[in-house]
Number of protein chains: 4
Amino acid sequence: MRNVPAKLAAKLYGAADLIADKGIADAKIEEIADASGVPIATLYYYFRGKEEILAFLLGDLLESIAGEVGAAMSKPGTAIDRLKWAVEAQMRVMLENPAACRALVGDLGRATRLPELATALESAFHQPLEQLLREGVEDGTLRAVQDPGKAALSVFGTITIAGLTGTVAQPEHAASYAQETVQAVCDLLLEGLRPRE
Amino acid sequence: MRNVPAKLAAKLYGAADLIADKGIADAKIEEIADASGVPIATLYYYFRGKEEILAFLLGDLLESIAGEVGAAMSKPGTAIDRLKWAVEAQMRVMLENPAACRALVGDLGRATRLPELATALESAFHQPLEQLLREGVEDGTLRAVQDPGKAALSVFGTITIAGLTGTVAQPEHAASYAQETVQAVCDLLLEGLRPRE
Amino acid sequence: MRNVPAKLAAKLYGAADLIADKGIADAKIEEIADASGVPIATLYYYFRGKEEILAFLLGDLLESIAGEVGAAMSKPGTAIDRLKWAVEAQMRVMLENPAACRALVGDLGRATRLPELATALESAFHQPLEQLLREGVEDGTLRAVQDPGKAALSVFGTITIAGLTGTVAQPEHAASYAQETVQAVCDLLLEGLRPRE
Amino acid sequence: MRNVPAKLAAKLYGAADLIADKGIADAKIEEIADASGVPIATLYYYFRGKEEILAFLLGDLLESIAGEVGAAMSKPGTAIDRLKWAVEAQMRVMLENPAACRALVGDLGRATRLPELATALESAFHQPLEQLLREGVEDGTLRAVQDPGKAALSVFGTITIAGLTGTVAQPEHAASYAQETVQAVCDLLLEGLRPRE
DNA sequence: CATGAATGAGCTTTCATTCAT
DNA sequence: CATGAATGAAAGCTCATTCAT
């Protein structure tokens, strides 16, 4: 993959929706060219093939999510606050990049085929999250769960499906949807479903 | 789509793994034929094309999940118990049908099949779950959350991603994985992350 | 080809239009089955294959044309009268069987592939016509042309294209069209285009 | 259909015989590729499918016939002379392009392409011919027939079937056949079959 | 005698990719 | 550096045909 000029990258986002809707396998290179306005041959000048285009788009997304989530988690504050901020950050990035986000989820189940994807997810989400859960126990703002790894996965799953549903369902009310959903998710994850006496 | 004989349906499951691994777009019809033992021409006698084969498999899966989850929720017991059973049921069915399940998630963000899929998911999971949350408030075993719809979605998302991760990661230790994960998920969802005094 | 029951033959005519429009190669056996109301497998019970169905329909048509034209030529009268009757007869049969007729012409150019067709045409039209031209010279009602074979062919061609145009263009005014066309054709063929002083 | 380069068009004529012999439906695309020396994928780069290839060849033929016939009719001379020249011209072009010509006739009765074909034929043959017949009346070299339209059609039919028969039957003696047939056809059409006293 | 179900064989078409310009 | 033109290599799909009932 050659160094992708910013102008080209910008055009490529125009094809993200297409790829998200049809999946990379069903999105024909000609369609990607049409949707992005970049000639086929030019795509091949910069990328090795279709897969690399997807990789570029997803990589971009993951980097930006990881960056934002990481930043949210690193801000000074109690673990519980930082968890909320992280949830907000992930939800925000997802709703800001609905297409790439859907493309990402579309390939979640095929993570086997995309080891890099699995690795990237691991370091972008799970590890920071797990770390945060541990820190929450230390500072006393979070409860000690038995299996922090699975808990981190659950938190990720909750936000991901909620975010995905948002990107699919209500593109126009993204802002309010995000806020409400973040609130509901945080409430559920923090307080649980069992009544507190 | 012609009426699919049971014998044929049974054979088709033999191709579910293939479809889940490669995605329907990358699974060649010849491979599906080989994996299932059904001649290509016979596949086309019963189905309009590759997509319809996937639709059939997914429809079948959703029905079976909905059935099991519904049964779990309908058993006599407190809402909190029935919620646990429902979580267990969904997890069990997912791990029993890992391939179809991964294919299903692969389609979650796709626009193509979204309408039907969304509807099917809605009635198979969200509605019963929401109903259950409400009943839990009545019988006092569950807390009243502000937005039961979003809570139901979150619960679904938690289990789904956890289940999906299980199907991808550890096909051989499915049983113990399921148990542990169900426990972790239930613990998280019921008790929440904030410490109880 | 088994002995074709009248009832089946009658149904088959329902597919003649289809065959005429698309040609036998493009008319799928399933379409022929649908158009005629005869199940595919039943067609194969009576015929060896698609080609034989076409052969049956064309054979039927040619027999009936040959019969009518032959009858017209055999009636007592001068050669010039019998020629007119023959022209009328061919035109009539063509307009009565427009579909089969178009199918026939559609395969005229591939007569090489259908030797029987060429032979049948030869004996149904050319030979009687040539004979008639000769008899006209004898009874003094027709002029002696240099090459009676080519003249016979020309007469056949004139009627055939005129008839074909009729079947294609104006199915509803067949009757009047036939009459006018027969008149015009006879006038042209008998009187020629050069002025008689 | 993309703009077809002359070089490609030239190669395509190499497949005309094949198409004429088997009909477009029976001519496999691979055979067309072999016969023309143009790779299959290249054919599909320029044409939408097999049918479009045929359409291109027929369109080309009709244009060339129309051009030659038009030129023959436009030469200075009496109407009767120009009619002879036109007959000669059509016969010549048909025998020069026997393959495309047979393909053309094979399509005469087909509904599929009829509208365009009918229109093309109308302007290429019928109209000029009808005009010629009228001019013949004016300059006194042709007789006034009652229905010039039908007469023009008849003339066209006579030449067409005669030409077609020639292309099918005797490809090797084309030259002499053409001469004899033109003579016979002109003789018949001009003098008629009824004896002149 | 008639037919629904099933399939082998092969076709058309697609599409990612290359390369001369 | 960017791209229109061209193509090799599959792949999806069709369809005539068969046969058990």
Side-chain angles (χ1 to χ4, degrees), chain A residues 2-5 7-8 11 24-34 37-53, chain B residues 2-5 7-8 11 22 24-34 37-53, chain C residues 2-5 7-8 11 24-34 37-53, chain D residues 2-5 7-8 11 24-33 37-53:
Chain A
R2 285 166 201 263
N3 185 30
V4 178
K7 205 166 181 179
L8 177 64
K11 284 184 176 180
I24 190 69
D26 273 333
K28 287 141 205 179
I29 194 80
E30 191 181 345
E31 291 174 329
I32 296 177
D34 288 350
V38 180
I40 295 180
T42 303
L43 289 175
Y44 275 91
Y45 179 74
Y46 286 102
F47 302 98
R48 279 270 187 74
K50 278 203 307 178
E51 299 283 342
E52 218 178 72
I53 297 177
Chain B
R2 285 169 202 261
N3 187 32
V4 179
K7 207 168 180 179
L8 177 64
K11 285 185 176 177
K22 319 189 82 168
I24 189 68
D26 277 333
K28 287 135 208 179
I29 192 78
E30 190 182 348
E31 293 174 328
I32 296 177
D34 287 349
V38 179
I40 292 178
T42 304
L43 289 175
Y44 278 94
Y45 179 71
Y46 285 100
F47 302 98
R48 280 268 188 75
K50 280 203 304 180
E51 295 286 335
E52 222 179 67
I53 298 177
Chain C
R2 285 167 201 263
N3 185 31
V4 178
K7 205 166 181 180
L8 178 63
K11 284 185 174 178
I24 191 68
D26 272 334
K28 288 144 204 178
I29 195 79
E30 190 181 345
E31 292 175 328
I32 297 177
D34 287 349
V38 179
I40 295 179
T42 304
L43 289 175
Y44 275 90
Y45 180 73
Y46 285 101
F47 302 98
R48 279 267 187 75
K50 278 205 306 181
E51 299 283 341
E52 217 178 73
I53 297 176
Chain D
R2 284 167 202 263
N3 187 31
V4 179
K7 207 167 180 179
L8 178 64
K11 285 186 177 178
I24 190 68
D26 277 333
K28 289 141 205 176
I29 194 75
E30 190 181 348
E31 293 174 328
I32 296 178
V38 180
I40 293 179
T42 304
L43 289 175
Y44 278 92
Y45 179 72
Y46 285 101
F47 302 99
R48 280 267 188 74
K50 282 202 306 178
E51 295 286 335
E52 222 179 67
I53 298 177

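In what follows, chains carry the letters A, B, and so on, assigned in the order in which the sequence lines appear, proteins first and then strands, with residues in each chain numbered from 1.
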task: Take the protein atom CD1 of A:I29 and the nucleotide atom P of F:dG4, then report the distance between them rounded to whole Å.
output: 14 Å
- prompt: Considering every strand shown, what is the Watson-Crick or G-U wobble mate of E:dC11 when both distances are under 3.5 Å?
  reply: F:dG12
- prompt: Taking the side chain as C-beta and beyond, is there a heavy-atom pair between C:I53 and C:Y46 under 4.5 Å?
  reply: no
task: Taking atom CD of B:E31 as the centre, report whether more than 12 heavy atoms of other residues, nucleotides or ligands fall under 6.0 Å from it.
output: yes
query: Taking OP1 and OP2 of F:dA2, is either one under 4.0 Å from a side-chain nitrogen or oxygen of A:Y45?
result: no
message: Output the rounded distance in Å from CG (D:L8) to P (F:dG4).
response: 20 Å
field: Whole-Å distance separating the CG atom of A:L43 from the P atom of F:dC1
entry: 17 Å
query: D:E30 CD to F:dA10 C1': how many Å, rounded?
result: 14 Å
field: Euclidean distance, C:R2 CZ relative to C:L8 CG, rounded to 0.5 Å
entry: 12.0 Å
- prompt: Please give, in whole Å, the distance from F:dC13 P to B:E52 CD?
  reply: 11 Å
Nucleotide of F:dC13, E:dG8, F:dA2 approaching B:A41 most closely (side-chain heavy atoms): E:dG8
query: Once you round it to whole Å, what is the distance between P of F:dT14 and OH of B:Y44?
result: 7 Å
statement: Under a 3.5 Å limit on both distances, the Watson-Crick or wobble mate of F:dT17 is E:dA6
statement: Of E:dT17, F:dC15, F:dC13, the nucleotide closest to the side chain of A:I40 is E:dT17
message: Need to verify one output field. Residue with the more 5' nearest nucleotide on DNA chain F, D:T42 or C:G49?
response: D:T42
field: Below 4.0 Å: OP1/OP2 of E:dG10 and any side-chain N or O of D:K28
entry: no
query: How many angstroms lie between CG in C:D26 and NZ in C:K50, if you round to the nearest 0.5 Å?
result: 7.5 Å
task: Look at the side chain of D:P39 and decide which nucleotide, out of F:dT7, F:dG12, F:dA5, has an atom nearest to it.
output: F:dT7
message: Rounded to whole Å, how long is the line connecting atom CD of B:E51 with atom P of F:dA11?
response: 17 Å
message: Please determine whether the number of non-hydrogen atoms from other residues, nucleotides or ligands lying under 6.0 Å from atom CD of D:E30 exceeds 12.
response: no
- line: Among the nucleotides F:dA5, F:dT3, F:dC13, whichever has the atom closest to the side chain of D:R2 is F:dA5
Nucleotide F:dA16, atom P - distance to CG of C:D26 in whole Å: 10 Å
- request: Give one of base, sugar-phosphate or nothing for D:A27, where a contact means two heavy atoms less than 4.0 Å apart.
  value: sugar-phosphate
